[in-house]
Amino acid sequence: STAAACLSVRELSVHYGGVQAVSSVGFTVEPGQSVGIIGANGAGKTSTLKALMGLVPRSGGSIRLGDKDLTRVRARDMVRHGIGYVPEGRHVFPGLPVEKNLLLGAYSRAWDKDTHRQLDEIYTLFPVLRDMRGRLAGALSGGQQQMLAIGRALMTRPRLLVLDEPSMGLSPKLVGTILDVLLRLREEGLSLLLVEQNAKLTFGATSHCVVMENGRVAMRGTSAQLSHDPRVREVYLGL
Ligand code: ATP
């Protein structure tokens, strides 16, 4: 059932020692919606995602996915509850073949019909990964590794896919490829939460955005509105 597949983050806060990196941040991702978090370096975007995933301690806040309260769920169990996570910097296993990397994303280590079907779906989404299935992940280009990282997260069949800076270090052409992929996932009805410094990618891939500044939500609105906002354009697009 996808009816209740909606993320709700409320009053999320993160402290590192005495420094408050995230201050009472709240947002929702409606079913099938694609939401972006943008903001300058150090605005608190990555800390917000890590706190959502349980990867850094929260000093306050609650997390719900559909009708489930995930506030006390540990990071390693988030996947089982339907949140797929593509961390900043990709973190594929360079010494393992592409297909092995994908299989490590699956629940079951044994081959079954589901695994085959899931692999096939990912190879359809990323034909280049099918061509390279036997190659070591470390031999792939940055863009191909990003596709592999996304593919691995999809192996868990998430209701919500969370991506941290998928464009980092990629050429403009490869950023375009990532945008195409995100749009296809969105068309398939997957809910997305995207953290990016690349505002063009974010506005292109999302319907709504949250703008963070100094650990707080400074603005929120539709991506179309925000992309035309003079302040956003000046600060984040350099226009
Ligand atoms: P970037 O795009 O550079 O990752 P960001 O918007 O994701 O920026 P965060 O990485 O969440 O921002 O950082 C928010 C604030 O918290 C910054 O002031 C940063 O210096 C601080 N910070 C982040 N991680 C830690 C840490 N482990 N210990 C102490 N301070 C940290």
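We number each residue from 1, following the sequence as shown. Just so it is clear, the structure is predicted and the values come from calculations on it, not from any experiment. Heavy-atom basis, side chains included; hydrogens, waters and symmetry copies ignored.
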Where the side chain of N101 meets the backbone of V92, is there a donor-acceptor pair that is under 3.5 Å apart?
no
Could you check if a side-chain atom of R157 sits within less than 4.5 angstrom of a side-chain atom of D114, using non-hydrogen atoms only?
yes
Please round to the nearest 0.5 Å and tell me the distance separating atom CD of Q145 and atom CD1 of I150.
12.5 Å
Quick one, C209 with R220, criterion side chain to side chain contact (heavy atoms under 4.5 Å, CB included). Give me CA distance, side-chain angles, the key distance, then yes/no.
CA-CA 6 Å; C209 280; R220 62 176 91 229; over 6 Å; no
Test V86 against V162 for side chain to side chain contact (heavy atoms under 4.5 Å, CB included), laying out the working first.
CA-CA 6 Å; V86 184; V162 175; over 6 Å; no
Verify, without hydrogens or angle tests, whether Q146 (side chain) and P166 (backbone) share a donor-acceptor contact under 3.5 angstrom.
yes
Which atoms form the tightest heavy-atom contact between T71 and I63, and what is the distance?
OG1-N, 3.0 Å
Hey, are the side chains of V29 and L192 touching, using non-hydrogen atoms and a 4.5 Å cut-off?
no
Salt bridge check: are D164 and K50 linked by an N-O gap of less than 4.0 Å?
no
H81 side, atom NE2; K68 side, atom NZ - distance, nearest 0.5 Å:
5.5 Å
Quick check on N214: does its CG atom have over 12 non-hydrogen neighbours (other residues, nucleotides or ligands) under 6.0 Å away?
no
I'd like to know if the side chain of S191 and the backbone of L160 have a donor-acceptor N/O pair within less than 3.5 Å.
no
Give a yes or no answer on whether the side chain of Q225 reaches the backbone of T222 with a donor-acceptor pair at less than 3.5 Å.
yes
Would you say E196's side chain and T202's backbone share a donor-acceptor pair under 3.5 angstrom?
no
Compute whether any side-chain donor of one residue and acceptor of the other, for T206 and S223, lie under 3.5 angstrom apart.
yes
Work out which heavy atom in L55 is nearest to a heavy atom in A75; give both atom names and the distance.
CD2-CB, 3.7 Å
Under 4.0 Å between a Lys/Arg side-chain N and an Asp/Glu carboxylate O for R231 and E213?
yes
Quick one: does any side-chain atom of S34 pair with a main-chain N or O of S207 as donor and acceptor, under 3.5 Å?
no
Can S62 and E11 be counted as having a side-chain donor-acceptor contact under 3.5 angstrom?
no
Which heavy atom in R58 sits nearest to a heavy atom in L70, and how many Å separate them?
NH2-O, 4.5 Å
Might you confirm whether atom CZ of R216 has over 12 heavy atoms from other residues, nucleotides or ligands at distances under 6.0 Å?
no
Out of curiosity, does L174 fall in the hydrophobic cluster containing I178 (side-chain heavy atoms, cut-off under 4.5 Å, transitive links)?
yes
Over 12 non-hydrogen atoms of neighbours within 6.0 angstrom of CZ in R10:
no
With no hydrogens and no angle check, do the side chains of S59 and H15 hold a donor and an acceptor under 3.5 Å apart?
yes
Does L190 offer a backbone N or O that forms a donor-acceptor pair with the side chain of E188 under 3.5 Å?
no
Taking the side chain as C-beta and beyond, is there a heavy-atom pair between F27 and I37 under 4.5 Å?
yes
Test: salt bridge (charged side-chain N to carboxylate O under 4.0 Å, His left out). Region: residues 127-139. Which pairs qualify, not counting sequence neighbours?
E99-R133, D120-R130
Mind listing the closest non-hydrogen atom pair of P158 and A153 along with its distance?
CD-O, 3.6 Å
Could you see if M155 belongs to whatever hydrophobic cluster contains L125? Use Ile, Leu, Val, Met, Phe, Trp, Tyr and a side-chain cutoff under 4.5 Å.
yes
If I compare all heavy atoms of G39 with all of K45, which pair ends up nearest, and what's the gap?
O-NZ, 2.9 Å
I'd like to know whether L104 forms a side chain to side chain contact (heavy atoms under 4.5 Å, CB included) with F93, so could you lay out the CA-CA distance, the side-chain angles of the two residues, the decisive distance to 0.1 Å, and finally the verdict.
CA-CA 10 Å; L104 285 172; F93 299 103; 3.6 Å; yes
Please tell me whether M168 and L182 are part of a single hydrophobic cluster in this structure, the criterion being side-chain heavy atoms less than 4.5 Å apart.
no
Value for CG (L194) from CZ (F203), rounded to nearest 0.5 Å, stands at 11.0 Å
Provide the closest heavy-atom pair for S227 versus A224 in the form atom of the first, atom of the second, distance.
OG-O, 2.9 Å
Count the heavy atoms belonging to other residues, nucleotides or ligands that lie under 6.0 Å from NE2 of H91, then report whether that count exceeds 12.
yes
Any L102 side-chain heavy atom under 4.5 Å of L119 side chain
yes
Distance check, rounded to the nearest 0.5 Å: R184 atom CZ versus T124 atom OG1?
8.5 Å
Student check: side-chain heavy atoms of S13 and V22 closer than 4.5 Å
no
Does the side chain of T28 come within less than 4.5 Å of L7's, by heavy atoms?
no
Residue R117 excluded, over 12 heavy atoms near CZ under 6.0 Å
yes
Atom pair CG/CG of L49 and L163 - distance to nearest 0.5 Å
9.0 Å
Quick check: is L136 connected to M147 through a chain of hydrophobic side chains (ILVMFWY, heavy atoms under 4.5 Å apart)?
no
Output yes when a side-chain donor or acceptor of Q33 lies under 3.5 Å from a complementary backbone atom of E30, and no otherwise.
yes
Atom CD1 in I83, atom CE in M78: separation rounded to 0.5 Å?
5.0 Å
Identified side-chain contact (heavy atoms from CB on, under 4.5 Å) partner of V25 from the options V14, L52, T48, V210
T48
Side chain to side chain, Q197 and I38, heavy atoms closer than 4.5 Å:
no
